[in-house]
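See below for the structure under consideration.
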2 protein chains.
Amino acid sequence: MGKKVTIRDIAKMAGVSVTTVSQVLNGKGKRFSKSTRERIIKLRDQYQYVPDFHARSLIMKENINTIGVLVPNVSEPFFGTFVEGVQQVARQEKLIPLIFSANRDPKLEKQYLEQMVERSIDGLIIASARMTTEMINQALINRDIPYILFDRNYDQEGARVQTDDYHGGQLAAKHLVELGHQRCLYLGVTNITENFKQRLAGFTSVLQAHGRHFDEASDVLRADLSRRGGYQAAQAVVDSGATAVFAANDDMAIGLLRGLRELKIRVPEDISVVGYDDIALDEYVYPQLTTIHQPIFDLGIGATKILLDRIHNQHRDETVEKFPVRLIRRESTGPCHMV
Amino acid sequence: MGKKVTIRDIAKMAGVSVTTVSQVLNGKGKRFSKSTRERIIKLRDQYQYVPDFHARSLIMKENINTIGVLVPNVSEPFFGTFVEGVQQVARQEKLIPLIFSANRDPKLEKQYLEQMVERSIDGLIIASARMTTEMINQALINRDIPYILFDRNYDQEGARVQTDDYHGGQLAAKHLVELGHQRCLYLGVTNITENFKQRLAGFTSVLQAHGRHFDEASDVLRADLSRRGGYQAAQAVVDSGATAVFAANDDMAIGLLRGLRELKIRVPEDISVVGYDDIALDEYVYPQLTTIHQPIFDLGIGATKILLDRIHNQHRDETVEKFPVRLIRRESTGPCHMV
DNA sequence: GTGAAAGCGCTAACAC
DNA sequence: GTGTTAGCGCTTTCAC
């Protein structure tokens, strides 16, 4: 316990200068005698000397091998899986991922962002629907830190990984139309971020193309983007008389499933439910959830790889990497049984 | 974009010395004239000057207001909720929580730990069943960093938050005995960590006290500590002929629920299932899971508060704070229907 | 082969 | 009221 051993301590004990120790320990000590080198190495091991991180980064300015990851909430399965993808690449590349979970609080997000910048991270992955590019740049204080955006507005600039939400919405609608449903509902938030808007737009377009009536005023149910939100919306869903619901994400859908069950509504016999994301949980709820699959884990991997590329190659272009979505049919959807 | 503005730049522009700037910006500038102070503040805002973190911590050595949180896996609901508890306190206390998710990989855990130490965090919360106190101390390189243990072996030293796992096991057994079950199974890992051992011991003790036959060789089913593990164990559970199962945690129980459903076994009519933890999901699965409640969120809060106390007051005692567990009866358990 | 010296950006005694 | 100076622990030129 106690005083930290510094490079000077080692130098003194080895009877050499700090320069020598520094050089040797950084693999630049070819010019020193073998005996000196060995003496220093031995001392380092013996005293468990580790160079001070701050002193080091004060000089070196880069190559810290740290990336920051800002997500709304790690405890949501969606972001949890995303973070796992990031971590997988991080492990391979010997990167340290600093995870920040900002609880969708813009002020906190900004604060965390500033913290990361101060701590001289090499790059950033930002999954926040709330922050505008402007806010991000401001927090980055014009420092030249590469970052990748994820799960956010389309209308912003910046490199990012993205899935085709519009197509996802289309897939959901097509599936329900094929099952014969006449009246379909969208359950979710309508205007918060572009990705949700896109899902809804894709959904609407297919519905209308098949002659279904759908307008936002009557066929969109707003609810909190959470299991609880979906749960609480169950009664409204039933009251609407619709036979199918497309939920903005799986969490809502799972909540809705519970709500419907408690109201003695059978899924899919009475009402079909489609979710969005394909979180790991979907197979464990009852009935198993039909959903639009997003490759969440791969998105984490992809985002990290792109980031690394930008860190090392100083790309200034705004790559947009698209990942495919697809329908996963499980048990929560079925043919329309309305007479 | 580009050069970072330093304290010297500000000083030059304000026509004062760096000391003046430093003092003013750190709220220690009472002795300076108002005009000087205002000039400096204005310049800082204008150029968005932020003191360099590393330069700062090189001198200050503490009061960085950062704590490290090491968990096996943020994407597991249990740890996700725990981390949320930590974050709540962190927000209130203006602490920055650095979250590390080490995927139960001891080497990674050690590496992350070292990283945290280097980055001069003020304290640590370690949730790892794998690391021994010795390993932790080694990674901490004898630096005097306060840390709190969570969800791990009892037989280690160190301050920690803890729940009474033995009692939890007892509660589960008592519940099943009261429902008339004769043959009960324990599904889980048997000997990895003390908390699981305790659950099993408590469970066993009550069963035997009530004259039930229970021995580890035949009545303990081993499976992976995950939803998948529970799922895969379903057939074995059925084959055993038992009418009730106590799963080591909720994730396993939820997996088991799915497995039993697919095997057309009714829960709770044919088999009762009790989980452990009371993760938020329990109310959303079908049937809703009867479980032993651990105050996960509160444990996060508690751990953080104790840590803060230790950071500020330099306690050297090894506080062990106990949190209560209780049975939450839901739908997955019922009277034994065996003839 | 080795080391002295400069300096990264900042804070804090201690002068003036 | 304000500035000088001395580091924090480290890396890196450059001289010997």
Side-chain donor-acceptor pairs of residues 296-308 of chain A under 3.5 Å, sequence neighbours excluded:
residue: A:T304; atom: OG1; partner: A:G300; partner atom: O; Å: 2.6

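- One interatomic measurement links the two molecules: CG of A:D9 to P of D:dG9, which rounds to 9 Å at whole-angstrom precision.
- Neither side chain, A:S22 nor A:T19, offers a donor N or O lying under 3.5 Å from an acceptor on the other.
- A:R44 contributes no side-chain N or O that, together with a main-chain N or O of A:L25, makes up a donor-acceptor pair within less than 3.5 Å.
- Look at CD on B:E38: it is 15 Å from C1' on D:dG1, rounded to the nearest Å.
- Between the side chain of A:D122 and the backbone N or O of A:N65 there is at least one donor-acceptor pair closer than 3.5 Å.
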Under 4.0 Å protein heavy-atom contacts per nucleotide of nucleotides 7-12 of chain C, with B for base, S for backbone only and - for none: BBBBSB
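- Here A:V18 pairs with A:I7, A:R8, A:A11 under the side chain to side chain contact (heavy atoms under 4.5 Å, CB included) rule; sequence neighbours left out.
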